[in-house]
S.K.: 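Just passing along the structure, written as structure tokens.
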Amino acid sequence: MDILQKYFDSGSLVTMRNVVITLVVGYLIIQILVVITRWLLWKHLSKQWKMLISKGIIYAGVIIILMIILDLFKIKISAILGAAGVLGVVVGFASQTSIGNIISGLFLVTEKPFQVGDLIKVGDKTGNVYSIDLLSIKLRTLDNLLIRIPNQTILSTEVTNITKFPIRRMDISIGVSYKENLKGVLDTLRKIAKDNPDVLNEPEPLIIINEFAESSINILYGIWYEKDLYQKVKNEIMSAILETFTRDGIEIPYPHRTLIINDSSDKINTKV
Amino acid sequence: MWGKYNIEKNNILRFEIGEGIYHLCRRDKDFRLSFTRTKGEKLFDFSPLKTDDLFNEDNWQIFICDNSGFIHILPSMPDRPVMLEPQNKIYILPNKSEWFYIPIPVWVLIYSGAETMNDGLMIKEPAVKLSGTWFGEPDNGILSYSLDVPVSIYPEEVKSKGFQVTCPIQVFNESDSILKIDRLLIQTEYLRIYSNNSELFTNEIKVKYEGELNPSYTQFGKNSPSIAKDLRLLVEERIVPSDNLLKRSFLFLKSGKSNF
């Protein structure tokens with residue numbers, strides 16, 4: 001009890017009370033500032049900027065609270081700052097990558113190549129942007145995995161934003177037999193696109209006779225659709241192509257070769 | 001056809017509008033609704049049923065809502081703009097103007113509730129499913145519905161089907177060149193729907209064309225259209241159009257095929 005009494009008499013209780021008050025009031029001020037800032041900038045800024053500004057306020061607030069608490073404990077901040085100079089060099093070396101990522105993050109937020117929710121491709125990874133943080137972005141892949149990619153990597157890698165624009169083109173390669181009437185095939189493909197309400201009438205489907213391949217004439221069939229309807233449109237169009245071709249007797253040939261044996265003029269057709 | 005209906009308990013109201021077949025059943029605590037889409041376009045067909053057979057259907061949706069027995073069946077303008085592709089090319093010579101009457105398929109809205117329709121929306125389906133299309137460049141344009149219909153310039157020729165609303169548009173060519181209308185975007189969110197109990201009409205649209213390099217000016221009427229009499233307002237516009245005509249006029253693109 002004596003020890004406690006001595007402790008309280010020395011003014012530590014007052015200091016502790018002030019620290020608690022500083023923490024509580026500081027926390028409340030930070031939260032209020034974050035809410036007010038978000039409310040004021042809600043309509044004007046992207047999610048990334050809001051996140052960055054909120055975190056900036058929080059970090060600045062925490063540093064200020066820390067300095068006030070140190071002052072309450074009569075610890076000289078100037079001495080700490082002096083030590084921080086030396087420490088800063090050490091920490092700076094240790095956190096080069098992190099600082100690089102933070103700066104890259106700022107560039108990303110300014111450049112805005114994608115937003116939260118966009119479907120992007122980074123290297124061989126494809127996924128929806130789940131969050132854009134100070135050090136990294138997080139992707140949720142289509143099979144529901146979370147991938148963390150450092151901002152520096154994003155900045156130095158080619159990024160494809162798949163869903164930037166409201167409409168997309170789906171390119172389908174279709175092979176038809178050499179015996180087919182190409183004009184009829186192209187008309188059939190145009191009709192398939194027109195009959196599907198989810199395929200946009202304009203821009204018109206891109207239909208190109210692309211290649212005289214070994215076993216088939218390959219046609220590039222590019223249809224435009226609303227970006228969110230990829231799966232639906234693909235399934236419907238692929239089904240419609242097969243169904244219509246089967247009904248109209250348009251052959252999608254298997255690969256086949258014509259073999260000529262020696263100098264004999266007899267040809268043997270075999271299907272592989 | 002459009003309006004308020006009272007369904008007795010354990011009765012079923014069956015009706016067809018456009019491509020849609022609707023069954024609405026009122027039970028003790030809930031409404032049940034089924035919707036199927038057919039290929040053919042039908043006019044209105046109402047047939048009250050009193051049978052329990054349809055309870056076995058798999059596609060009933062159950063709505064716990066105002067159970068006073070009242071439902072409202074109302075038309076609505078499509079949820080996106082409609083891009084008109086006239087079946088015949090239309091040319092307007094310089095300093096001429098003309099009215100066009102365009103039939104647009106409506107959406108069908110079903111609400112529950114005795115008076116207010118707020119929060120009681122049970123279903124919202126297009127009477128006829130229109131193909132999607134894009135008005136503008138691939139990186140900058142507007143998703144819209146494609147409307148491939150004959151356009152009439154004589155009011156007496158206008159024969160809208162029951163699930164269509166007639167939109168009167170007056171186009172002024174105030175330029176020095178011939179105006180060829182390839183595509184015309186109709187911003188449906190600014191249109192009200194009026195009814196005279198047999199047909200539906202929207203408020204009038206006036207468009208001034210002042211040449212390819214200038215934006216077109218568009219104005220949406222604030223009163224019932226003059227094409228018919230005894231019209232009553234059935235549905236308000238989703239967005240009240242501003243008086244700033246220049247702003248609205250930017251909805252008409254100016255180059256290539258999408259040019260108006």
Side-chain angles (χ1 to χ4, degrees), chain A residues 43 111-115 117-120 159-172 187-208 220-237 239-241 243-244 247, chain B residues 18-20 35-41 78-87 89 104-108 124-149 163 180-186 251-260:
Chain A
K43 286 182 181 172
E111 193 184 336
K112 277 196 260 183
F114 48 75
Q115 294 183 344
D118 281 349
L119 182 67
I120 65 169
V159 177
T160 308
N161 189 337
I162 298 168
T163 52
K164 170 80 175 169
F165 301 115
I167 58 171
R168 288 177 63 191
R169 198 183 73 201
M170 180 190 298
D171 288 345
I172 301 170
D187 287 344
T188 302
L189 290 174
R190 277 190 204 99
K191 188 171 184 314
I192 288 170
K194 190 164 178 55
D195 288 348
N196 189 317
D198 293 323
V199 174
L200 301 179
N201 286 7
E202 291 184 9
E204 286 180 359
L206 177 75
I207 304 178
I208 295 174
L220 174 66
Y221 185 43
I223 49 170
W224 290 86
Y225 64 99
E226 198 181 331
K227 67 179 178 185
D228 296 332
L229 301 178
Y230 173 80
Q231 190 177 338
K232 181 171 187 278
V233 170
K234 179 131 193 178
N235 284 340
E236 287 180 0
I237 286 294
S239 304
I241 289 171
E243 196 176 299
T244 312
R247 188 193 63 210
Chain B
E19 298 171 345
F35 167 76
T36 47
R37 195 171 282 284
T38 58
K39 285 285 180 191
E41 292 178 3
D79 63 344
R80 283 181 191 161
V82 170
M83 189 173 86
L84 174 71
E85 302 172 35
Q87 287 180 349
K89 295 294 172 222
I104 302 172
V106 295
W107 283 46
V108 179
K124 184 179 180 182
E125 282 290 334
V128 175
K129 208 169 180 187
L130 297 174
S131 283
T133 193
W134 182 253
F135 187 77
E137 301 302 319
D139 62 337
N140 182 22
I142 301 169
L143 261 174
S144 44
Y145 294 115
S146 172
L147 190 62
D148 180 10
V149 291
F163 54 84
K180 180 189 174 195
I181 300 179
D182 287 325
R183 301 286 183 268
L184 171 61
L185 191 72
I186 302 170
L251 299 170
F252 293 88
L253 301 187
K254 295 192 298 173
S255 64
K257 221 174 169 183
S258 303
N259 183 25
F260 171 17

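Values below: every heavy atom of this structure, side chains too, minus hydrogens, waters and symmetry copies. Naming convention: chains lettered A, B, ... in sequence-line order (proteins, then strands); numbering from 1 in each chain.
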S.K.: Got a sec: does the CD of B/Q87 have more than 12 other heavy atoms crowding it under 6.0 Å?
M.R.: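 Atom CD in B/Q87 is packed in, count exceeds 12.
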
S.K.: Would you find more than 12 non-hydrogen atoms of other residues, nucleotides or ligands less than 6.0 Å from A/Y230 atom OH?
M.R.: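 Incorrect, the count does not exceed 12.
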
S.K.: Tell me the closest heavy-atom pair linking A/L200 and B/T133, and the distance in Å.
M.R.: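 Of all heavy-atom pairs spanning A/L200 and B/T133, the closest is CD2-N, 3.4 Å.
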
S.K.: Examine whether an atom of B/L130 lies under 4.5 Å from a heavy atom of chain A, and if so say whether it belongs to the side chain, the backbone or both; otherwise answer neither.
M.R.: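 The answer is the backbone of B/L130.
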
S.K.: Quick check on the interface: out of B/P138, B/S144, B/G132, who has the most heavy-atom pairs with chain A under 4.5 Å?
M.R.: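 Of the candidates given, the most pairs with chain A belong to B/G132.
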
S.K.: Give, as side chain, backbone, both or neither, the part of A/D195 having an atom under 4.5 angstrom from any heavy atom of chain B.
M.R.: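 Contact with chain B is absent: no heavy atom of A/D195 under 4.5 Å.
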
S.K.: Please check if the number of heavy atoms outside B/K124 that lie under 6.0 Å from its NZ is greater than 12.
M.R.: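 Above 12, so yes.
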
S.K.: Do B/M83 and A/N201 make a side-chain contact, defined as non-hydrogen atoms from C-beta onward lying under 4.5 Å apart?
M.R.: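 Counting from C-beta outward, B/M83 and A/N201 never come under 4.5 Å.
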
S.K.: For B/S131 versus A/K194, what's the shortest heavy-atom pair and its separation?
M.R.: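 Heavy atoms only, the tightest pair is OG-O, 3.9 Å.
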
